[in-house]
Amino acid sequence: MLRLEGISAGYGPAIVLRDLSLSAAPGRITCLMGRNGAGKTTTLKAIMGLVRPSAGRIMLGDQVISDLPAHRVAGQGIGYVPQGRGLFSELSVAQNLRIGLMARRGDAAETAAIRAEVLTRFPRLAERLDQRADTLSGGEQQMLSMARALCLRPRLLLLDEPTEGLQPSMIEAIRQVIMSLRDAGAAVLLVEQRIDAVLAIADHVHVIENGRNLEDFDAAALTRAPERLRAHLGV
Amino acid sequence: MEFGPYLMLAMLEGAVLAAVLALMASGLSLTFGVMRVVNVAHGEFYMLGAVIAWFVAHLVGGGAALSFVAAAIIAPLAVGVLAAAADITILKRIDYDPERTIVATIGLLYVIQQVTLMTYGPDARPVEPPFNSRIALPWIEWGEGGPSLYFPWGLSTTSYKLFVIGAAAVLILAIRLFMTRSRAGLIMRATQLDSDMATAFGIPVERVYAAVFGLGAALAALAGVLIVPIQQAHYLMGGDALLLSFIVVIIGGLGSMAGTIVAAVLIGMSDGIISVFFSPTLAKIIATLLVALVLVFRPQGLFGTRDR
Ligand SMILES: Nc1ncnc2c1ncn2[C@@H]1O[C@H](COP(=O)(O)OP(=O)(O)O)[C@@H](O)[C@H]1O
Ligand SMILES: [Mg+2]
């Protein structure tokens, strides 16, 4: 469903991604791994149109999304859970969700249905609708960031280290959400550093280094040779 | 006149200035808050509001009240559209870079000023207020038989000045409601807080910027329409107004709406009082000194947050 074909991108004169190719399929969890500074976050930003590729193209289905204006990318059905959560800090939980619902551009009935569905999935947010996002606990903030992305009913979900700095119970809750989305048929592209977590849920792993493809693993390769993956990441 | 009534008179003058300043500086603060750019041409949008009000009064006819209402609609709309167009054609092209925006808006300032000079001319021209009855104000006297009201000679204001104070208060409240309650306000605040995440959730940030720049300019134009029946329209009137707006926005804390209002009241009132009792020059000196003190001891302004 998602395909990056020979993407080069960076910030101003600094080139970060070099001829990078990867893909993510519906109903599958694809993990993007690499050391700090390898370009994982930049890859997700490039998909969202926040960083413009200087070469290559990004396809969603048979549409070239790298040609779209950045604000039109989300509307193609891509939910983004950025590193550091990226919440609108001074806005309330309800307002953060409202922004997510706006991106969906559904009619009133659909919007209400999605909102109810998301709040059922994250009951802790339902109790805190009027609370400012920056007063939530770390775990709740991550829930909100995911809930906001789910407001789009995404067919592709991008998650950038969603479990970073969270306690184990929260990590497990987030894992459950990711798996249920996969089961519902969404494509998931997950940036994750913890190898055990990746081995447990990934259908496919792309390892990148210095913004380049280093090695891809499918599920079979992951079970056969997990130590290769560890070696790449230096752990 | 005794001191008490005299002080009240000074405060009324100050309140009129504070009201107009609060409105104008809110526009500047909004633009800075959302877009992180300093609009040096803001004073010219104020001037344009006043000049357009004069043109409307002379072209529409039909009495002062009708032309005032017409000006209050036409001027902010026209100036807002002009500013939004300037945003799309100039600021967007320089990528809203803070430094280059300052230079670009200085250029815009001169273009607007010179075009006004060429069309409207160098004269200061008055615009008739829509209503202007003199209102004598009572003062309390403590006599032998307890407090009693009397009307000291010279303690009066006009219905129009009271209207300006009321109108500014209503407009500022309306902006606040717009920013906190409306869908468009929510989009503007989201853009202000994190423009990248706003983009990632489908918000067309550049269009939001054009709207914010236009809205900020429209507020300045509205302030110009309100002031012109009190102060004549002149092609150079934007300079002082810009300076005072900057003073207010810096003291209040860049981008903080509440701080802007408080600072406008502070500066407007002190300017009114000091001008009446001493001299307008002293009032400006003290305001500027206050800015210097704020910049040294509280650079983020009274209501600003440090991390911006
Ligand atoms: N906004 C930016 N401006 C310039 N360079 C950046 C920016 N963000 C990231 N980089 C650089 O791009 C490289 C990749 O960063 P990033 O994509 O965040 O890596 P990762 O998410 O894999 O840790 C790093 O060398 C980083 O310093
Ligand atoms: Mg990263």
Side-chain angles (χ1 to χ4, degrees), chain A residues 11-12 41-42 44-52 65 68-92 94-106 108 111 130 132-134 144-145 147-152 154 157-158 160, chain B residues 29-30 32-36 87-88 92-100 176-212 253-260 300 303-308:
Chain A
Y11 304 90
T41 296
T42 306
L44 298 199
K45 285 187 180 169
I47 297 168
M48 292 311 298
L50 301 176
V51 171
R52 284 279 150 203
I65 57 169
L68 292 175
H71 72 269
R72 299 264 316 276
V73 172
Q76 305 304 309
I78 308 183
Y80 182 35
V81 180
Q83 190 163 21
R85 291 145 199 156
L87 296 175
F88 300 111
S89 55
E90 291 177 18
L91 300 186
S92 68
Q95 287 171 324
N96 270 278
L97 294 178
R98 215 170 135 203
I99 301 279
L101 290 165
M102 280 181 201
R104 167 84 193 180
R105 294 174 187 280
T111 301
D130 293 325
R132 257 173 67 145
D134 56 2
L144 178 55
S145 185
R148 182 180 60 177
L150 295 191
C151 285
L152 279 98
L157 186 66
L158 310 177
D160 199 343
Chain B
S29 178
L30 179 73
F32 180 82
V34 176
M35 302 169 68
R36 301 278 129 185
D87 175 87
I88 293 166
K92 183 175 158 183
R93 302 229 169 156
I94 56 174
D95 217 13
Y96 309 97
D97 174 78
E99 278 107 44
R100 287 195 288 170
R176 196 174 158 68
L177 285 177
F178 171 76
M179 290 304 284
T180 53
R181 298 286 158 82
S182 76
R183 180 189 154 95
L186 181 65
I187 288 174
M188 287 180 184
R189 284 165 70 211
T191 305
Q192 163 168 8
L193 290 167
D194 190 336
S195 60
D196 264 3
M197 283 317 293
T199 305
F201 279 88
I203 294 175
V205 164
E206 284 172 351
R207 249 178 278 162
V208 173
Y209 284 167
V212 165
L254 283 167
S256 158
M257 276 291 182
T260 300
Q300 73 273 35
F303 284 67
T305 39
R306 217 172 246 287
D307 57 6
R308 287 209 167 145

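Protein chains get the first letters and strands the later ones, always in sequence-line order, with residue 1 at the start of each. Hydrogens, waters and symmetry mates play no part in the numbers below; they use all other heavy atoms, side chains included.
Closest approach of A/A70 to B/T199, counting heavy atoms only: CB-CG2, 3.3 Å. Among all heavy-atom pairs drawn from A/L91 and B/L186, the shortest one is CD1-CD1, 3.8 Å. Between A/L152 and B/F201 the shortest heavy-atom distance is CD1-CE2, 3.5 Å. Of all non-hydrogen atoms in A/A74 and B/G202, the two that sit nearest each other are CB-N, 4.0 Å.
Dense packing is recorded around CZ of B/R100, with more than 12 heavy atoms of other residues, nucleotides or ligands lying under 6.0 Å away.
B/Q192 is not listed as a side-chain neighbour of A/E90, based on a closest heavy-atom distance of 4.5 Å or more. B/I203 has its side chain out of reach of A/H71: every pair of non-hydrogen atoms, C-beta onward, lies at least 4.5 Å apart. Considering only heavy atoms from C-beta on, A/R98 comes within 4.5 Å of B/R183 through its side chain. Residues A/I99 and B/M197 fail the side-chain proximity criterion, which asks for heavy atoms closer than 4.5 Å.
When the candidates A/R105, A/M102, A/R104 are compared by the number of heavy-atom contacts under 4.5 Å with chain B, A/M102 comes out ahead.
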